[in-house]
K.L.:
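Right, I'll just put the structure down here and ask away after.
Worth knowing before you read on, the calculation uses all heavy atoms, side chains too, and leaves out hydrogens, waters and symmetry mates. One-based numbering, in listed order, for ligands and for the atoms of each.
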Amino acid sequence: MRHLIEPFDFTVAEIDKILDLADEIVKDKEKYQEACKHKTLATLFFEPSTRTRLSFEAAMLELGGNVLGFSSAQSSSAAKGESVADTIRTVCCYADIIAMRHPKEGSALVAKNYATVPIINAGDGGHNHPTQTLTDLLTIRREKGRLNNLTVGFCGDLKFGRTVHSLIKALSRYENIDFVMISPEELQLPGYIREDFFKKNNITFRQYERMEDVIGELDIIYMTRVQRERFFNEADYIRLKDSYILNAEKLKMAKPDLSILHPLPRVNEISTDVDSDPRACYFRQALNGKHVRMALIMTLLGINI
Ligand code: NCD
């Protein structure tokens, strides 16, 4: 039985296969409309979500399967003090596959240890978000036609942003990626990524504080929200929340074929005057999230058609 807890749970070849299947599903939707008939996906969301949960549910419904679940910890027995382990043991009696989001780092790993069905990590605290990574890889491949030879800028909250942590790991396995980190000092990548990951694997990256100093070199800019819910105090959040705002004016300095990605939700970090720019990919990215989750669900359930 396979699970998806972190990006390295799949090889590059397996990821390519999932992205290929996502493309295939878009080309021939009818072929897949009953692929998951009589199968049930449970979405267990202990943290807020719009795109991740709804794209998982839309994905399963479009594959002809069923969905059940909860969308907040308050409406589950977690509010009564139930452990993740017991919740998972229970939901495994009702579902064939589980997507779970939880505020605690490592919770998905705990879930996997108690599961008798495939577990998908839909975000564990500030740690990983591997299905957003699949979404991002599919988006880069669709927009750029490749996953190598790219200068990729990550901008904003690189400390708490789990989407950044997972995408960095995934991209490190492709050839010639120039990693550019743009953040205030307080929101730089956590030590375990800088030391245990970049350094140990001999991967170099550049660090900037000002977006303007490097935007002109980028093929991709991955904007992120400052993760308010993971700050220890509100004053720090308020001080840092508007550190970077990408707007039409700054985009004048960028390459004509820059791709602007954002996992969403955005708060202020991308001005709405960017939305109509063809370089803005973030709503296409949200759609890609549904396609890639369809491919992922089929893969983990072992359904080949
Ligand atoms: C992200 C998340 O939950 O980590 N959203 C998402 O899943 N698309 C990013 C965020 O919350 O800022």
Side-chain angles (χ1 to χ4, degrees), residues 4-7 22 41 43-59 69-73 98-108 119-140 153-171 181-184 187 189-190 193 220-231 236-237 240-246 259-271 275 280-294 296-297:
L4 177 58
I5 307 302
E6 62 117 358
L41 164 77
T43 53
L44 312 184
F45 276 62
F46 296 87
E47 260 195 353
S49 170
T50 297
R51 273 149 295 271
T52 305
R53 185 173 66 84
L54 295 182
S55 67
F56 260 119
E57 296 190 356
F70 51 80
S71 56
S72 75
I98 295 173
M100 183 183 92
R101 168 173 290 186
H102 196 283
K104 283 224 171 78
E105 288 79 6
S107 52
I119 297 288
I120 302 169
N121 179 8
D124 62 325
H127 201 203
N128 276 308
H129 193 346
T131 67
Q132 182 63 45
T133 297
L134 292 175
T135 302
D136 301 337
L137 294 176
L138 182 62
T139 302
I140 295 170
F154 292 86
C155 180
D157 188 346
L158 312 186
K159 182 176 182 187
F160 297 114
R162 57 193 171 197
T163 62
V164 169
H165 306 156
S166 287
L167 182 56
I168 284 174
K169 287 190 193 164
L171 282 176
M181 303 298 152
I182 309 161
S183 72
L187 297 180
L189 287 175
I193 296 200
I220 290 168
I221 188 160
Y222 194 90
M223 296 296 297
T224 61
R225 175 179 71 90
V226 177
Q227 306 277 303
R228 178 180 205 158
E229 65 276 30
R230 310 207 195 285
F231 274 69
D236 283 348
Y237 167 72
L240 293 166
K241 72 182 174 59
D242 292 327
S243 296
Y244 301 102
I245 300 178
L246 182 62
S259 295
I260 306 162
L261 273 68
H262 192 313
L264 303 177
R266 83 168 135 195
V267 186
N268 286 324
E269 60 279 0
I270 302 181
S271 158
D275 295 355
C281 303
Y282 28 94
F283 291 110
R284 296 196 286 280
Q285 190 180 355
L287 175 62
N288 294 340
K290 181 179 74 176
H291 299 151
V292 92
R293 288 181 176 101
M294 291 171 86
L296 175 67
I297 291 168

K.L.:
For F231 and Y237, take the angle between the two ring planes, folded into 0 to 90°, and tell me which bin it lands in: parallel under 30, tilted 30 to 60, perpendicular over 60.
P.N.:
perpendicular

K.L.:
Specify whether F46 and F70 have parallel, tilted or perpendicular ring planes, treating 30° as the upper limit for parallel and 60° as the lower limit for perpendicular.
P.N.:
perpendicular

K.L.:
Applying salt bridge (Lys or Arg N to Asp or Glu O under 4.0 Å), name anything that partners K241, two or more places apart in sequence or on another chain.
P.N.:
none

K.L.:
Are R53 and T43 linked by a side-chain donor-acceptor pair shorter than 3.5 Å?
P.N.:
no

K.L.:
Do the ring planes of Y282 and H262 sit parallel (below 30°), tilted (30 to 60°) or perpendicular (above 60°)?
P.N.:
perpendicular

K.L.:
Applying a heavy-atom distance cut-off of 4.0 Å, which protein residues contact ligand 1?
P.N.:
T52, R101, H129, Q132, R162, T163, R225, Q227, P263, L264, P265

K.L.:
Taking K169 first and then E6, would you say they form a salt bridge - that is, a charged N and a carboxylate O separated by under 4.0 Å?
P.N.:
yes

